[in-house]
Each structure stands twice: as C-alpha cells, then as structure tokens.
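Read the structure below first, then the notes.
A note on names: the letters A, B, ... follow the listed sequences, proteins ahead of strands, and every chain is numbered from 1.
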Amino acid sequence: MLDIKLIRENPELVRQGLLNKNAKDIVDDILATDEERRSLILKTDELKAKRNQASVQIPQMKKAGQDTSAVFAEMKLVGDQIAQFDFQLREIEEKIETILRHTPNLSHASVPVGKTAEENVETKQWLPDGFSFQNDFKVLDHIELGKKLKILDFERGTKISGSGFPLYIGKGATLERALINFMLDYHLQHHGYTEVMPPILVNRESMKGTGQIPKMEEDMYFVEKDGLYPIPTAEVPITNIHRDEILSEKELPIKYVGYSPCFRREAGSYGKDSKGFLRVHQFNKVEMVKFVKPETSYDELELLVKDAEDILHELNVPYRLLLLCTGDLSFSAAKCYDIETWSPAENKWLEASSCSNFEAFQARRANIRFRNETTKKPEFLHTLNGSGLATSRLMVSILENNQTPEGKIVVPKVLQKYTGFEIID
RNA sequence: GGAGAGAUGGCAGAGUGGUUGAAUGCGGCGGUCUUGAAAACCGUUAAGGAUGUAAGUCCUUCCGGGGUUCGAAUCCCUGUCUCUCCGCCA
C-alpha cells in the first residue's frame, strides 16, 4: 500500500511512478477524497470533544443535585450527529482504502523505465565451464525425458487432479526431494537463514498482507468452506509471520527460508508455454524472506539475488539475470531481478526465480513495524523475498542440460549425496 | 462435531456503567549510588489520526462488527480466535 502522505506531499512523483508502472492514475481521486475525509474529521472531533466535556460535568452536576435533563437532551442530539458523521467518515475511509489496495507499489529510481518485458535489462549471464548453446546431439525436452526415464508422468497427474498437476515418480520424485533439501541446507549453512515450515492454507488477512488480494484474487485457489487460500508462494505465510507486530531494531535483519508447495490457478494460459513443467498449478519452491531496516533494503536485495545465484553455481546450471523494467514489475515490488535458467530443448530462458524488494509496501499493508532505536518510534520496515529457487522450471534446465546422447541424466554432483544415485537411466 | 471458560498496554494481570488510556508486577529507557557492574532507590515508558512552523491542543482505540445509554473496557446481540473437557483422528 502506498503512503497517503507521500501522495499528499508529492502528487506529481506518484503520478509519474504509476504511469511508469502502467497503472491507473489515482492521485486526484485520492487527494479529493482525502480532503473530504479531513474536513469530516475536523467536524466530528469537535462534537466528540463537546460530548466528552459533558461526560465530565454530568457526574458533578448529579452530585450537586442539579437537573441534568437539558444536558441530556442536547447530548442526545450531539450523539446522533456524531453517529451520522462517523458513518460518512467510514464510507470515505473505505473508499480510500479500496483505491490504495488496488494501487501498485512505485518502482525504485534505479529501475529502468519500460512498458513490457521486452524492455527488461539483462545484467548478467553465467554459463558453466564447457557449456555451449549448440549441442552435438539431438536434445530431448523434459517431457520426453520424463516419459522415457519414467520419472515424470504428466498424463497421470492430469487424471488424478487435472492439467498442471505434475506427478513425479521413482528417481524423479527422489531428485525433486533432493533438490529441495539441497537448497534448504545450502541457505541454512552458507547464507544465515532460519528455516521455517509454514502453514500452506492461509486466511484472507494474510493474502491481503502480501498483496495477492484483492487485485489477484482470481488467480488464487480458495477453500470456500473454511475461508482459506492454498498459498501461491511461501512468501505469503512467511511474510505474515510478523503481521501486526512491532519488532525491535536489534532483531533485524530477520531472514527466513522455507519450502512449500505452491498453488496457482492462473487460468487462461493454455497452448504456448504451458506444456509439462512450463506452467503448472502446483509446484515446489524454496522461498527466502527478509525483514530489514529501510536503509539496508537495497543492499539486502543484491545479497538475496546472490544467495539464489549461489545455488545455480553449485548445480552448474546456465542462467541469466534480468532487471525488470517498471512496466513488468509485479504489483507489490519496487525493484525486482528475475533469474532465468537455460532450456536447450525449448531453446529459451525460463524464469526460475524472482527476487524483489517491496520496500514498505507489504509492511504497510500487513502492519509490520520495528522500533527505531534513535527515535523510539515504530516505523514500517522493508520486506524482500526471492525464490531460492522454484523447482519446476529449474528441473527442466537440470534434466535437459544434464542429459547424455543416450538420453540418460547425470545427477548434479551436489545432489548425489541427497539422491543416493548418480545417474537416471 | 458437543459442552464450558476466556480475549485488556512489549509481557503478565486488575478492573462489571461516569477524571480508567486504564491499578499492580515484569520488561524497556533515563538517573542516583558505584572504579565499573549488579542490587536498591527515584523518574519515565501505548498506538493511530486531526490541527499547528513548533510547543501544544483535540479525537480514536481494552479481539472485530452491531446495539442500549447523556456517557461503555464494563450491559445486550453477533462474528472471529484461544483454552479446558468429551467425541473423532494421521
């Protein structure tokens, strides 16, 4: 959520920021409504002060044996008026709230201005030793490999649940589990995170806190009977760990890493890019979430990206780093790097991680603060998160890049102690 | 799922209609004492909003929503959550 004070004090800055993010310009609407709100507050506060004064006087009058009926009559009227103004005020505040909740975060000054993904900036490409974009043999895609080696069964997954629900079998399931464990362990041992295993059904407040709701409500699964949402990412429960809390400055930064399955409806995306693992309704992800002091959040973002990259170095997976342009940034993000891994069969880069700084946007929505030791006042902290990483697309790259001309898969060295086997054949 | 109890400040915990934004304890912060620390003692310590250059002034908030009343932490209705017992159960 944007800070209404920022809109009040820097309307043109906000206007330009929203334009950069391809978002609706809500500035004038907000300013007018806010004006209305404040004048109403002025009126009600005055009446309430009057009522409070009477409340002090009445007991005194009673004690003195004076007649209070005139005051009662007057205060009755005052009370009715207060009720009326309060009702109006609530409507206005709801209006402001609704607008703000539907308004995306502004991007950071270092983010390139652009309309679409075309204008994202590739900032880095990392290729393993001996890697080549050309192969001397015909590479199979992950679906063919999965079928041939009996490690992935998309047809049966469809039978069990529907399309987009992959079934891992045999060494495929083991490899997936190995990958998750390796990533978790690596972040714990090398990057100083605290492991969490969060609930994977969350309530509406939590979904609002991180910004999936109301804007992206249609893309979310929903268990109507209990009012719970299967999480689209562990970012939701993990960020909400500290919802409505005031943390001490000493505790920061707090860094959590956690594995969870992720559920996304994302309807209306069939055909292109939707086969196999490329777009699924359920996938596994190791997620990193940080709660940090505002002045450190951009340094922490760079570290977060590095943490994700380290995993790919260890796995020896070719990847590139993209700095998203303003128009391609997600709703809540102020700055975001995507990490894309190479798929030789698709002959393209696949997004496997997204590392974002949300600044105070989520913290304001979820009311996550820390007490500034100098001023002694609570302030909104900054939240960040990044996939470290999502397994499904990463699995595409691992399978395809590690296949032999005979169609076998060589398990990456670092995963072997987790899988217990070196080759899938 | 059934029955009962409860939800108050950073935490614990009083308060059952009128200077109660809220006793008390703990914790935090500042000070006295001390070479320093601890202990002891003294003081201080909620959040949000409106207004104002500021000092300040005012308003709101005792789980959420609604009601009764001149006035609600306190009474009534309702929702949510927590705990205890029973049932079911990986």
Evaluation steps, side chain to side chain donor-acceptor pair (under 3.5 Å), between A:S332 and A:N105: CA-CA 5 Å; A:S332 305; A:N105 199 3; over 6 Å; no
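Remark: aromatic rings of A:F263 and A:Y229 are distant, center separation not under 6.0 Å.
Rounded to the nearest Å, the gap between the C1' atom of B:rA47 and that of B:rU8 is 15 Å. Spacing of C1' atoms, B:rA38 relative to B:rG52, comes out at 46 Å, to the nearest Å. Comparing B:rU80 with B:rG28, their P atoms are spaced 39 Å from each other, to the whole Å. Taking the P atom of each, B:rU19 and B:rA72 are spaced 12 Å apart, rounded to whole Å. With C1' as the reference atom, B:rC29 and B:rC86 are 49 Å apart, rounded to whole Å. As rounded to the nearest Å, B:rU45 and B:rU24 have C1' atoms that lie 16 Å from one another. Taking atom P on both nucleotides, B:rG2 is separated from B:rG87 by 15 Å, rounded to a whole Å. Spacing between B:rG10 and B:rG49 at atom P, rounded to whole Å, works out to 16 Å.
Across all strands, A:R369 comes closer than 4.0 Å only to sugar-phosphate atoms, never to a base (heavy-atom distances). Across all strands, A:L42 comes closer than 4.0 Å only to sugar-phosphate atoms, never to a base (heavy-atom distances). Within 4.0 Å (heavy atoms only), A:A54 reaches no atom of the nucleic acid at all. Using a 4.0 Å heavy-atom criterion, one finds that A:R8 contacts the sugar-phosphate atoms exclusively.
Judged purely by distance below 3.5 Å, without hydrogens or angles, the side chains of A:Q16 and A:N20 pair a donor atom with an acceptor atom. Using modelled atom types and a 3.5 Å distance limit, the side chains of A:Y319 and A:H313 yield a donor-acceptor pair. Defined by atom type and a distance below 3.5 Å, a donor-acceptor pair is missing between the side-chain atoms of A:Y259 and A:E195. Between A:H191 and A:D310, the side chains place a donor N or O and an acceptor N or O closer than 3.5 Å (distance only, hydrogens not considered).
When the nearest nucleotides of RNA chain B are assigned to A:P59 and A:A49 by heavy-atom distance, the more 5′-ward of the two goes with A:P59. Where A:N52 and A:M75 each meet RNA chain B at their nearest nucleotide, the meeting point lying more 5' is that of A:N52.
First and last contacting nucleotides of RNA chain B toward chain A (any atom under 4.0 angstrom from a heavy atom, 5' to 3' order): B:rG18 to B:rG71.
Electrostatic pairing of A:D34 and A:R37 counts as a salt bridge here, judged by a charged N lying under 4.0 Å from a carboxylate O. Taking the charged nitrogens against the carboxylate oxygens, A:K115 and A:E119 have no contact shorter than 4.0 Å, which rules out a salt bridge.
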Tell me, what's RNA chain B's dot-bracket, Watson-Crick or G-U with both distances under 3.5 Å, | for other-strand, [ ] crossing? ((((((((.[[[..)..(.....]]]((((((.......))))))((((((....)))))).[[[[[..)....]]]]])))))))....
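Aromatic ring orientation, A:H281 versus A:Y221: perpendicular (interplanar angle above 60°, classes split at 30° and 60°).
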